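Comments concern the structure below.
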There are 2 protein chains.
Amino acid sequence: MNYREALDTLKRHGYKYTGKRESMVQLFNRKDRYLTAKEVLEEMQKEYPGLSVDTVYRNLSLFEELGIVEGTEWEGERRYRFHCGGDHHHHHLICTECGRTKQLNLCPMNAILGEPEGFEITGHKFEIYGTCSHCQEQTEAKGGS
Amino acid sequence: MNYREALDTLKRHGYKYTGKRESMVQLFNRKDRYLTAKEVLEEMQKEYPGLSVDTVYRNLSLFEELGIVEGTEWEGERRYRFHCGGDHHHHHLICTECGRTKQLNLCPMNAILGEPEGFEITGHKFEIYGTCSHCQEQTEAKGGS
DNA sequence: GTGTAAAACGTAATTTTTACGATTTACAAC
DNA sequence: GTTGTAAATCGTAAAAATTACGTTTTACAC
């Protein structure tokens with residue numbers, strides 16, 4: 001997903017092209033990582049001071065529905081990032097400090113064929129959590145002697 | 001994990017053996033599936049009408065820390081189930097309707113060796129969501145012609 | 001330019017989780 | 001068995017995340 005694709009997706013589905021939606025798309029394009037609703041709100045309020053939380057949550061849901069962003073949750077909060085990788089299915093290494101990700105070209109579901117009996121699969125989640133090199137450096141710098 | 005093991009774990013770590021903790025252990029032992037804090041609260045309030053939410057959350061955290069229960073989250077809520085499988089690492093098929101699980105003897109982390117560069121792994125999550133046979137029947141019964 | 005449905009505002013309600021001073025209780029020592 | 005004490009629980013409130021909704025504003029088709 002890129003900037004133009006995202007706005008095209010909105011148009012194609014008949015949604016209006018507002019400054020706030022453009023701003024949100026730009027935000028996700030700029031920050032290439034998972035963001036919480038709160039982070040999105042705060043970032044966007046720099047440009048739109050009186051921005052309503054309703055607008056953020058509503059558009060986050062819409063964007064996820066349209067595949068503009070992909071959502072997940074960890075540590076009790078829902079998080080979103082620009083939908084990467086086009087159509088090819090993948091998973092992520094996720095830095096729990098900053099939300100940055102690395103793509104994983106491996107899906108464990110390939111090994112599941114025929115496994116479950118009497119269980120209708122509707123989805124799956126495979127995520128590896130940790131600390132990215134960037135955040136490791138930051139921690140070392142702080143804690144260093 | 002079983003009933004006696006759970007109480008032994010509490011004793012061994014010097015925690016007090018209260019009626020409420022026993023009741024919670026029994027609850028998880030009885031319901032062999034993921035429960036939300038709210039469900040735990042409501043079930044336990046049948047036996048202890050004035051039960052405080054503080055007690056539930058505090059003990060859920062403690063139980064998870066001691067390995068008596070294992071926690072996860074989906075659909076915006078934290079959930080807990082009796083810790084199964086002793087020491088051998090495993091994952092679950094999870095019914096998102098009722099929280100019942102099936103054990104999966106497969107861990108995708110085996111395929112990751114050497115994969116991530118400059119990324120310190122601290123945890124991972126692999127869960128398959130769906131509808132168990134029990135809940136499929138219920139839906140069919142309701143929606144059936 | 002106008003009309004209209006969609007979007008956003010402003011604010012409050014809901015829901016989940018955490019916090020904390022006061023009270024009660026488990027349990028060890030006597 | 002009684003007693004002392006730290007831990008556990010209560011009762012309630014605060015905090016945090018999310019959802020809801022009537023009103024106002026705005027994008028955009030005509």
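Since we're looking at a predicted model, the values are computed, not measured. A, B, ... follow the sequence lines: proteins, then strands. Residue 1 opens every chain.
With rounding to whole Å, B:Glu22 atom CD is found 12 Å from D:dT9 atom P. We find that NZ of B:Lys11 is positioned 14 Å from C1' of D:dA7, with the value rounded to whole Å. Here the C1' atom of nucleotide D:dT9 and the OH atom of B:Tyr15 are 16 Å apart, to the nearest Å. Separating the CG atom of B:Leu10 from the P atom of D:dA8 is a distance of 9 Å, rounded to the nearest angstrom. Atom C1' of nucleotide D:dT9 and atom CD of B:Glu47 are separated by 15 Å, given to the nearest angstrom.
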Review point. When you check every protein heavy atom under 4.0 Å of nucleotides 17-26 of chain D, what one-letter string (B, S, -) results, 5' to 3'?
Key: SBBBB-----
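Counting non-hydrogen atoms under 4.0 angstrom, B:Arg58 reaches a base of the nucleic acid.
Cation-pi geometry between B:Lys102 and A:Phe119 is not satisfied (NZ or CZ under 6.0 Å from the ring centre, within 45° of the ring normal).
With sequence neighbours excluded, the residues forming a salt bridge (Lys or Arg N to Asp or Glu O under 4.0 Å) with B:Asp32 are B:Arg81, listed by chain and number. Partners of A:Arg4 under the salt bridge (Lys or Arg N to Asp or Glu O under 4.0 Å) rule, at least two apart in sequence or in another chain, do not exist in this structure. For B:Glu97, there are no salt bridge (Lys or Arg N to Asp or Glu O under 4.0 Å) partners, not counting sequence neighbours. Scored by the side-chain hydrogen bond (donor to acceptor under 3.5 Å, both in side chains) test, B:His91 finds B:His89, B:His124 as partners (sequence neighbours excluded). Among residues two or more places apart in sequence or in another chain, the side-chain hydrogen bond (donor to acceptor under 3.5 Å, both in side chains) test is passed with A:Tyr3 by A:Glu22. The side-chain hydrogen bond (donor to acceptor under 3.5 Å, both in side chains) search around B:Lys16 returns none, not counting sequence neighbours. B:Asp54 pairs by the salt bridge (Lys or Arg N to Asp or Glu O under 4.0 Å) definition with B:Arg58, not counting sequence neighbours. The side-chain hydrogen bond (donor to acceptor under 3.5 Å, both in side chains) check on A:Glu70 picks up nothing, with sequence neighbours excluded.
For the helix from C:dG1-D:dC30 to C:dC30-D:dG1, the end axes, each set by the C1' atoms of five terminal pairs, are bent relative to each other by 30° (nearest 10°).
Taking both residues in full, the closest heavy atoms of B:Cys84 and B:Gln103 are given as SG-OE1, 3.9 Å, listed atom of the first, atom of the second, then distance.
Along DNA chain C, read 5' to 3', the first and last nucleotides having any atom under 4.0 Å from a heavy atom of chain B are C:dT16 to C:dC27.
Sorted by first and then second residue, the pairs that involve residues 118-130 of chain A and meet salt bridge (Lys or Arg N to Asp or Glu O under 4.0 Å), not counting sequence neighbours, are A:Lys125-A:Glu127.
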